[in-house]
Amino acid sequence: MASGSAAPAGGGGKQRNYLNCIRATLTAAMCLENFGSQQVERHNKPEVEVKGNKELLLNPIIIARNKEKVLIEGSINSLRVSVSIKKSDEIEVVLAKRFMRFLTQRAENFVILRRKPIEGYDISFLVTNTHTEKMYKHKLVDFIIQFMEDIDKEISDIRLSVNARARVVAQEYLREYQ
Amino acid sequence: MSTSEIDHLANCITTHAWNGDRSKVAISPNSNEVMIYTKKGNTFELEQILQEHDQVITSIDWAPKTNRIVTASQDRNAFVWNYEKNEWKPTLVILRINRAATYVKWSPLENKFAVASGAKCVSVCYFEEDSNWWISKHIKKHKSTVLKVDWHPNNCLLVTGSSDFKCRVFSAHIKVVDKELPRTVFGDKLVFGEPLLEMNASGWVHGVKWSPSGNLIAFASHDSSLCIANVSNLPPTIQKVNLRGLPIRDLLFLSENSLVGVGEDCNPLLFQSEGGNWAFVSEIDKKSEQAAASGDSAAGNARKLFASKVTLGAESVTDTKLETQHQNCITSIRALTAGAVVSDFSTVGLDGNLIVWHTKALEAKFKELKIK
């Protein structure tokens, strides 16, 4: 895998190309196997988090589309996917932060969610060989792609509703002064 | 005759091994136990559970002639089990490694076995009569964890695959155990642990195998490629076959010209050589045309769509089940019949399925699959 950023071809379905590119990379990076630690005896740690030995890590890949990007770091027994959400204005910055905090506080229920995102990104997933042994790989990839699509939709929905509520509140308040 | 038989033995199987007459199979259900199943008619019955290891068992090998099982685990131990009085009794193995053991294989004469480990070395173990235990000699010279080993038919050469991107051949000749030194293409004077050949790969080497004659070495690496090296003459000629899908984990030579690779694609892949040129022939797990055609109909699809909307809140029809018989990565492949051409082989995967494939029935059903 070579490192670098990949911009999709122009035309219709730009987001489709972007997500297909991420899907292909994730399917390849999710080939994980159970690997006992080389550093500490009898231990089994996700190598992408420990970063103990360079030869066990794959080259990190960034797939970017304008402001939104995805960082995929792979290793022999674990995979870390970090997503940076597109935020078009100040309101979305605040909303994204709150939404991500809501999710990361419930990281245990999510199983593959990482409690703290990587520097420079909004949210991170950590998939280990135990996850791929218990769950279908293609469904895990589907989940992450679906998650990315839903986040964008959710945040724009929330922003619209925030603006709508602000307008209604302002109307009611200023009615006093009409 | 059916092309394959499928048995669900556990939630997730990491490795398996058959006994000499193929009536029993030992599997590791991704835990620290070995489960021994006996084939009764069409089903498998659990016969015994061997519990001695503390951590997950990474590899099992069953010696067909001497009926001994060797197991290796991430707790840096290995045990040799002997069948006495209807029970399997463990014998101590002094591996002297300080990291996890990743793979174990009996030598063809079953007087030695090799253990690959995360301590960047391979332990070749032999039995010491006086102390009643197995002692080891180390092959170092690896820069990272050794993932797989395989023995040459002459009982003295060992090929190893490692996560330092290299496939190496070593001499594993032990004076005490091996009576005579075989003549090999690498020379007559073979010192134990001496590296005889080093081949580069572009990824972690997951699977290594000698061909039945010992003239070819096949190694599969994580960059989704399969290399076949012809070592009948030095320097070896290496051929690289790029795979269409995901990496291969384990290999099996069906004959000198046919090779099956299994891995993350959940589908055994057949490779064959035409006069020395190796190429991918076909996948072995194929749906016949009629089964595929009768699957989809407009009404059936609509019903599936509404069913998934009600139960899962899903907007589109997504199939959770894979089309292949294995639902998750295939971890191990074993030959069932010995001889010049292997006609049956078995695969186990992380989905917990043990599938036995019959090549004669596959050849009859699909014209392209001809095992030479």
Side-chain angles (χ1 to χ4, degrees), chain A residues 1-2 16 19 23-45 47-48 50 52-59 61 74-79 127-147 149-150 153-154, chain B residues 11-15 28 30 54-58 72-77 97-102 117-120 143-147 162-166 202-204 206 222-224 245-249 263-266 314-316 318-322 327-329 331 349-352:
Chain A
M1 282 197 213
R16 220 15 52 199
L19 292 175
R23 180 184 291 271
T25 318
L26 281 179
T27 315
M30 226 175 258
C31 298
L32 309 170
E33 64 170 332
N34 200 334
F35 190 82
S37 169
Q38 261 179 204
Q39 317 274 59
V40 189
E41 62 172 89
R42 298 189 206 241
H43 275 218
N44 202 317
K45 306 183 215 238
E47 293 296 328
V48 77
V50 174
N53 297 98
K54 290 270 157 22
E55 75 269 10
L56 302 173
L57 305 172
L58 297 174
N59 284 328
I61 289 193
S75 74
I76 194 164
N77 64 354
S78 44
L79 164 72
V127 182
T128 62
N129 57 287
T130 42
H131 300 142
T132 51
E133 281 159 16
K134 287 203 202 95
M135 307 184 250
Y136 291 115
K137 265 198 336 237
H138 59 290
K139 298 309 287 181
L140 277 172
V141 174
D142 281 346
F143 174 79
I144 296 182
I145 304 282
Q146 190 67 36
F147 183 88
E149 284 181 340
D150 287 346
K153 231 183 290 170
E154 294 266 356
Chain B
N11 272 337
C12 175
I13 304 181
T14 42
T15 180
S28 159
N30 203 26
D54 299 320
Q55 286 188 291
V56 67
I57 291 179
T58 47
S73 154
Q74 275 185 8
D75 64 358
R76 58 182 193 39
N77 284 333
I97 57 175
N98 54 5
R99 295 288 180 272
T102 53
S117 78
K120 307 182 193 177
K143 302 266 171 22
S144 184
T145 299
V146 187
L147 295 169
S162 165
S163 56
D164 64 357
F165 297 35
K166 293 211 202 297
S202 316
W204 308 308
H206 285 301
H222 200 78
D223 63 335
S224 281
L246 298 173
I248 280 185
R249 286 292 186 78
E264 311 269 357
D265 278 329
C266 314
E315 292 295 325
S316 57
T318 45
D319 280 315
T320 310
K321 273 195 72 163
L322 287 175
Q327 296 298 304
N328 207 332
C329 170
T331 48
L350 297 177
D351 54 351

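- Heavy atoms of B/Asn30 lying under 4.5 Å from chain A belong exclusively to its side chain.
- Side-chain contact between B/Thr58 and A/Asn34 is absent, with no heavy atoms from C-beta onward closer than 4.5 Å.
- Contact annotation for B/Lys120: only side-chain heavy atoms (C-beta onward) come within less than 4.5 Å of a heavy atom of chain A.
- The shortest non-hydrogen separation linking B/Arg99 to A/Ser37 is CD-O, 3.5 Å.
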| request: Assess whether salt bridge (charged side-chain N to carboxylate O under 4.0 Å, His left out) is satisfied between A/Glu41 and B/Arg76, documenting all intermediate values. | output: CA-CA 8 Å; A/Glu41 62 172 89; B/Arg76 58 182 193 39; 2.7 Å; yes
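- For A/Gln38 (side chain) and B/Ser144 (main-chain N/O), no donor-acceptor pair under 3.5 Å exists by modelled atom type.
- Atom-to-atom distance recorded for A/His138:NE2 and B/Lys321:NZ is 10.5 Å, nearest 0.5 angstrom.
- For the pair B/Trp204 and A/Ser75, the tightest heavy-atom approach, listed with the atom from each and the gap, is CH2-C, 3.6 Å.
- Contact of B/Ile97 with chain A is not made at all, since no heavy-atom distance falls under 4.5 Å.
- Atom-to-atom distance recorded for A/Met30:CE and B/Leu246:CG is 11.5 Å, nearest 0.5 angstrom.
- Other residues, nucleotides and ligands contribute more than 12 heavy atoms inside 6.0 Å of the CG atom of B/Asn98.
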- prompt: What do the steps show when you test B/Asp351 against A/Tyr136 for side chain to side chain contact (heavy atoms under 4.5 Å, CB included), and what is the final call?
  reply: CA-CA 9 Å; B/Asp351 54 351; A/Tyr136 291 115; over 6 Å; no
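- No donor-acceptor pair closer than 3.5 Å links the side chain of A/Glu55 to the backbone N or O of B/Phe165.
- Heavy-atom distances place the side chain of B/Asp54, and not its backbone, under 4.5 Å from chain A.
- Contacts between B/Gln74 and chain A at a heavy-atom distance below 4.5 Å involve backbone atoms as well as side-chain atoms.
- In this structure, A/Lys137 NZ and B/Gln327 CD are separated by 12.5 Å, a value rounded to the nearest 0.5 Å.
- For A/Gln146, no part sits under 4.5 Å from any heavy atom of chain B, backbone or side chain.
- Residue contact with chain B, scored on non-hydrogen atoms closer than 4.5 Å, involves the backbone and the side chain of A/Thr27 alike.
- One distance of note links CD of A/Glu33 with CG of B/Leu350; it measures 10.0 Å at 0.5 Å rounding.
- Of the atoms belonging to B/Asp75, heavy atoms from both backbone and side chain fall under 4.5 Å from chain A.
- Of the listed residues (B/Thr102, B/Asn328, B/Thr145), the greatest number of heavy-atom pairs within a distance under 4.5 Å of chain A belongs to B/Thr145.
- In plain terms, the two heavy atoms of A/Gly36 and B/Ala100 that are nearest each other are CA-CB, 4.2 Å.
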